[in-house]
Amino acid sequence: VFVSDSRATILHADLDAFYASVEQRDDPRLRGRPVVVGGGVVLAASYEARACGVRSAMGGGRARRLCPHAVVVPPRWPAYVEASRAVFEIFRRTSPLVEGISIDEAFLDVRGLERLQGSAVDIAAGLRREVRGSVGLPITVGVATTKFLAKVASAVGKPDGLMVVPDGQERAFLDPLPVERLWGVGPATAGRLRARGIRTVGDAARMDEEALVALLGRALGRKLHSLAHNRDPRPVRGGRGRRRSVGSQCALDFTSRPPEAVDRTLVALVDRVARRARKGGHAGRTVVLRLRFGDYTRAARSTTLRDATADTRPILEAARGLLADVRPVIERRGLTLLGVAVSNMDGGGVQLALPIEGERDRALDAAVDRVRDRFGTRAVTRASLGEERERGLAPWLMPE
Ligand SMILES: [Mg+2]
């Protein structure tokens, strides 16, 4: 039996244009045509629509101007959740080490599986075949020695591709890529780098760490220096992922409320959040208060405790302190939404950060939350779910 000694065992598997692909799978008339999911804000665009320049998070009007022939369909969350569940089942059959990143994306480490299943490349190819064959969706897989590089590889390999960066070939692969491929490099950072003649990852890799820090600040400079050299020590966290936060929020019906009523709402929210944290075995150090005022502007305040906790009392005390600080603003502008979260979770979490297991509701929440995370809290309200989520106590998560 051939046993590969390659260290390139990390897979980044990412479904292509996920929501749009599900629509094309389920309605043959949409295949080969530009498909846009979501009318108000583009939630997903098929590759045919992307060819016209349509992108996720774009306004619907602009998308229609760019691509007048596009078929615009409303999102069907249950179908996406079901497809995600099926794909993650395949991930878990493929490797015991699966770390979900979002509804359509995960890292897998296949180290040690070679004897049973073949090389990492064989495993990745088999995974793609199985997702296509049994779920009917295209997926791109990047294979490399680090999570960072596997993710870059899948991005480069899209759509419907398999991109392998063999052990030892990292430099050759990275150097010619535009510097925007590095995590954390948005348009602003890219502009600053380009102004200094740094256009490719190779250009960045040739810079001293000090020079990058001087240009971009300590945190980003160091991070970019590490990534440009493919230094990413993070392991694939298998099994049950780490939850980032537990939170709850409540829409208030009045633009102005007496302080006692706001406090009662806060108590109920904290109680619920703390109970959910305890039930899930989570404890967090940071208490976050989210507010939406009467004029629909939003604010968030947070404070970090000395110790991680899931106890109601310290969370409530912290939340009350935060609320007291913004009381004058509330009195001036009114309050239409109040939310509390505990984040900065310790590593002892037992719940999935992702919608893969457990009841449909949670899965749906996470799908919705992913969209909210990317496009803003109001995107989903507008797009599909209506006001009901905003009423009552709507649970929310913050995916990575
Ligand atoms: Mg994807």
Side-chain angles (χ1 to χ4, degrees), residues 10-26 30-31 34-38 41-51 53-58 63 73 75-92 94 98-108 124-125 127-132 134-144 147-164 180-181 183 186 236 241 352-356 363-364 366-375 379-380 383 397-400:
I10 296 179
L11 275 53
H12 179 254
D14 190 2
L15 290 156
D16 302 320
F18 177 44
Y19 306 151
S21 295
V22 172
E23 298 303 330
Q24 290 179 319
R25 177 195 69 180
D26 294 349
L30 300 180
R31 291 179 199 162
V35 174
V36 170
V37 178
V41 172
V42 175
L43 301 175
S46 73
Y47 280 87
E48 295 85 355
R50 291 181 195 201
V54 179
R55 296 285 180 271
S56 287
M58 186 179 272
V73 300
R76 293 182 304 132
W77 300 111
Y80 310 149
V81 168
E82 175 57 29
S84 171
R85 194 196 51 71
V87 170
F88 270 79
E89 245 168 51
I90 296 171
F91 290 166
R92 285 207 203 79
T94 304
V98 177
E99 178 182 340
I101 301 301
S102 70
I103 192 169
D104 69 335
E105 181 185 354
F107 288 109
L108 291 77
L127 174 68
R128 277 173 32 74
R129 270 197 306 276
E130 200 179 344
V131 170
R132 169 69 82 176
S134 69
V135 191
L137 293 174
I139 190 165
T140 297
V141 181
V143 183
K147 285 165 99 172
F148 155 69
L149 199 56
K151 192 170 164 81
V152 174
S154 72
V156 171
K158 274 182 173 296
D160 202 13
L162 172 58
M163 178 62 69
V164 182
E180 286 86 347
R181 291 289 190 181
W183 269 341
V236 175
L352 277 174
L354 284 174
I356 322 326
L364 184 57
V368 165
D369 291 332
R370 176 166 177 251
V371 173
R372 284 192 160 159
D373 193 51
R374 289 179 64 185
F375 308 127
V380 170
L397 308 171
M398 291 199 292
E400 276 189 313

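Remember, it's 1-based here, ligands and their atoms both numbered in the order they're listed. Numbers for residues simply follow the sequence, beginning at 1. Everything numeric in this text was worked out from a predicted model, so none of it was measured.
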Given the options E48, R25, Q24, L30 meets side chain to side chain contact (heavy atoms under 4.5 Å, CB included) only with Q24

Look at D14 and state whether any of its N, O or S atoms is less than 2.8 Å from the Mg ion (ligand 1).
-> yes

Examine all N, O or S atoms of F18, backbone included, and report whether one is under 2.8 Å from the Mg ion (ligand 1).
-> no

Would D14 and S154 count as having a side-chain donor-acceptor pair, cut-off 3.5 Å?
-> no

Would you call the rings of H12 and F107 parallel, tilted or perpendicular, where under 30° means parallel and over 60° means perpendicular?
-> tilted

The Mg ion (ligand 1) - name of the N/O/S atom of D104 that sits closest to it | OD2

What distance do F18 atom CZ and S56 atom OG have between them, rounded to the nearest 0.5 Å?
-> 12.5 Å

